[in-house]
Protein chains: 2
Amino acid sequence: MSESRTQDLSDSSAEARKPVRSGKSSATIYDIAKLAGVNPSTVSRALSKPGRVSAKTQKLIEDAAAQLEYRVNPFARALPTGRTNTLALIVADITNPTFFGIIRGAESTATARDYTLMLAESAESADTELTAARRMLATVDGLILASPRMDDNHIRELAREKPVVVINRQVDGVPSVVPDVNKGIGEAVRNLAANGHRKVAYVAGPPQSWMTARRWEGVKAACEWSHLECVQLPSPKPTVDGGRQVARDVVASGATAVMTYNDLLAIGLMQELQAAGMQVPDRISIVGFDDIFGADFTTPALTTIRSPMTACGTEAATLLMEVLHGAEEVSPALQVETELVLRGSSGRLLVADHPA
Amino acid sequence: MSESRTQDLSDSSAEARKPVRSGKSSATIYDIAKLAGVNPSTVSRALSKPGRVSAKTQKLIEDAAAQLEYRVNPFARALPTGRTNTLALIVADITNPTFFGIIRGAESTATARDYTLMLAESAESADTELTAARRMLATVDGLILASPRMDDNHIRELAREKPVVVINRQVDGVPSVVPDVNKGIGEAVRNLAANGHRKVAYVAGPPQSWMTARRWEGVKAACEWSHLECVQLPSPKPTVDGGRQVARDVVASGATAVMTYNDLLAIGLMQELQAAGMQVPDRISIVGFDDIFGADFTTPALTTIRSPMTACGTEAATLLMEVLHGAEEVSPALQVETELVLRGSSGRLLVADHPA
DNA sequence: TTGTATGCGTTATCAG
DNA sequence: CTGATAACGCATACAA
């Protein structure tokens, strides 16, 4: 093995090459092979799977790589292997803070394991979602679907091509991360009952949302258990504005406590109710869902059932990468706990329903 | 050159192949070339640049492609061309709602032009940021840096490799999108002066933030113009909690109005001040910056200088893609307007500084 | 207009 | 342990 570790020729022909690649594009394994005096395939081995090459050539190659500021070309690597070290995350609505936690959790977890996150949103549209999913699927190793709006079959179809993890929904045969709503809902309903409420309204989310059904089921069951009457109210959209619009129906329902599909609805509802002169929580109690950013900015601060979104993002990314790294045994549905966050928007009813 | 690129040979006899590719991996241009009876290069042309092929073969190829459910392999395409139809966006802090708008704007704009967005955060660290940038740079066509924390030279270094657009900062030689703070600040300060305030405090952001300096300059200039005294106060971090921590200093400063680097600081500050029994805005006026999600959840709702974040994201992505598509003439710094959003947290001073 | 030949940077399969 | 060589799927000068 030639000792001349310097760029300077071993003699062959006096070909004074610049040591550091002067050109524009970056160095390849060929360049470093030449500099280190080995075969390109050896360079590839040394750089991708350490240990399969002798210690001295290893160092030789690493030094040369460092000197040339070598960086792998991800495309060239992806072509034969198909692997990209990239994860895709599709969320239903980027403006919805519910997803901020998920994005954050997924991004940081991915980055920690040297993966990169690709982000897309479906704008609450099943079609857009599917299109985005298909487009990204070609480029990534795996896919995370947060609160997907497309139907189960489409999800399974995607899962057949690349590993998929679903958040906030359960699909047969596809691993998922879902908050267990019952604990938090149970706490909330018991609290409401203890404060003298007899009837609660549930303001629902988008019909395509799997989670809105789970939450309604949970509310209904908990209310039965506590002998409370309950009623479901549709909302035009799961936003602050949607919450405002549904205020009238809430009042008309005669409920003294309202639980909403998410915090946005709760906040909008509270704003509208207060604007109409209704005291919260003296006249009506409001309980949101998720504990989003800003839920404690309101006056009174919003009582809400916290869904650990960041944990969902983290767990989903972890799950996905485990599958990618060959873990076959993956629990079908990972549960994360919800809990009641008691703040000012719920409490004892001051104005009795039936005056004594 | 051997013809048999497929797994099973064509013995030229009636070989009933499934029309749709039964195998696992997806179809290539070779498959569709065979099916359409043309050369792979023709397929490539037909699919990438329509018009450079006769109408009938075009259709022939498109039909075959459809039948085989062909989808280009992005890596194979990227290898010769270097183009990926992918943009990277790096934000300082994913949990900071300031960036939500930017993310949303960039994502939707990119998607609209059939680009995909890759997202990373720097966690307010210049090192992390640079690392993430370098890692992503290899994979994308261009890079958007939102409120970058790294220094100018590093940014220029990145810009030498791939097109870069910067948001919320100006770097020589690098195109950028920056809100023009002066209009909004001017409106705010004049309003404060008109309401009887004589001294305003500016709660600063992270020292590495280019924007915090711009905002302080703007505040100082506007205050001089309106003959107001002004003072700058450092904050430990640009968050709600940071705002709480700086409350003591604000009170000590003797200012009756405070403007903050961002809304988070303003909200935290207001919470702490109110907890200490100070009426807002009767005793002290608070003006935030950005008009983030939730700024109107507080009581009183936050007066703030709106920075059109979504527009910044949109403009940055548009700018970047224009450069990518060969636009040389690109304005060095695109300005977007800021405006005062007057809400309840600022107003007339009820308790005079110097009792009459 | 269409076919031919070659390159893009890595990994992987063989030999040696 | 290392070297040669063939894919990987697509784009593109060049030739016909």
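Just so we're on the same page: letters track the sequence lines, and every chain starts at 1.
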Quickly work out the [X] [atom1] to [N] [atom2] distance and round it to whole Å.
{"X": "B:Leu60", "N": "C:dT1", "atom1": "CG", "atom2": "P", "answer": "16 Å"}
{"X": "A:Phe75", "N": "D:dC8", "atom1": "CZ", "atom2": "C1'", "answer": "15 Å"}
{"X": "A:Lys56", "N": "D:dT2", "atom1": "NZ", "atom2": "C1'", "answer": "14 Å"}
{"X": "B:Lys34", "N": "C:dT2", "atom1": "NZ", "atom2": "C1'", "answer": "18 Å"}
{"X": "B:Arg52", "N": "C:dT1", "atom1": "CZ", "atom2": "C1'", "answer": "9 Å"}

Seminar exercise, completed: Taking for B:Leu79 and for B:Thr57 the nucleotide of DNA chain C with the nearest heavy atom, the one nearer the 5' end belongs to B:Thr57
For this session: Any chance you could measure B:Leu324, atom CG, to B:Lys162, atom NZ, to the nearest 0.5 Å?
Result: 9.0 Å
Problem set entry | Verdict with reasoning, A:Arg149 to A:Asp127, per salt bridge (charged side-chain N to carboxylate O under 4.0 Å, His left out) | CA-CA 9 Å; A:Arg149 302 300 186 225; A:Asp127 279 353; over 6 Å; no
Problem set entry | Verdict with supporting geometry, A:Ser125 and A:Glu129, side chain to side chain donor-acceptor pair (under 3.5 Å) | CA-CA 6 Å; A:Ser125 148; A:Glu129 187 171 69; over 6 Å; no
Problem set entry | From CA spacing to verdict: side chain to side chain donor-acceptor pair (under 3.5 Å), B:Ser54, B:Thr57 | CA-CA 6 Å; B:Ser54 83; B:Thr57 53; 2.8 Å; yes
Seminar exercise, completed: Residue pairs passing the side chain to side chain donor-acceptor pair (under 3.5 Å) test with at least one member in residues 84-94 of chain B, sequence neighbours excluded, are B:Thr84-B:Asp141, B:Asp93-B:Thr95
Exercise. Can you give one letter per nucleotide of nucleotides 10-16 of chain C, 5' to 3': B if a protein heavy atom sits under 4.0 Å from the base, S if only from the sugar-phosphate, - if neither?
Worked result: BBBB---
Exercise. Taking atom CZ of B:Arg113 as the centre, does the number of heavy atoms from other residues, nucleotides or ligands within less than 6.0 Å exceed 12?
Worked result: yes
Problem set entry | Terminal helix-axis angle for the helix from C:dT1-D:dA16 to C:dG16-D:dC1, with five pairs defining each axis and rounding to 10 degrees | 30°
Exercise. Hey, are B:Thr318 and B:Glu322 close enough side-chain-wise for a donor-acceptor pair under 3.5 Å?
Worked result: no
For this session: Say whether A:Thr116 and B:Arg135, considering side chains only, have a donor N or O and an acceptor N or O under 3.5 Å apart.
Result: yes
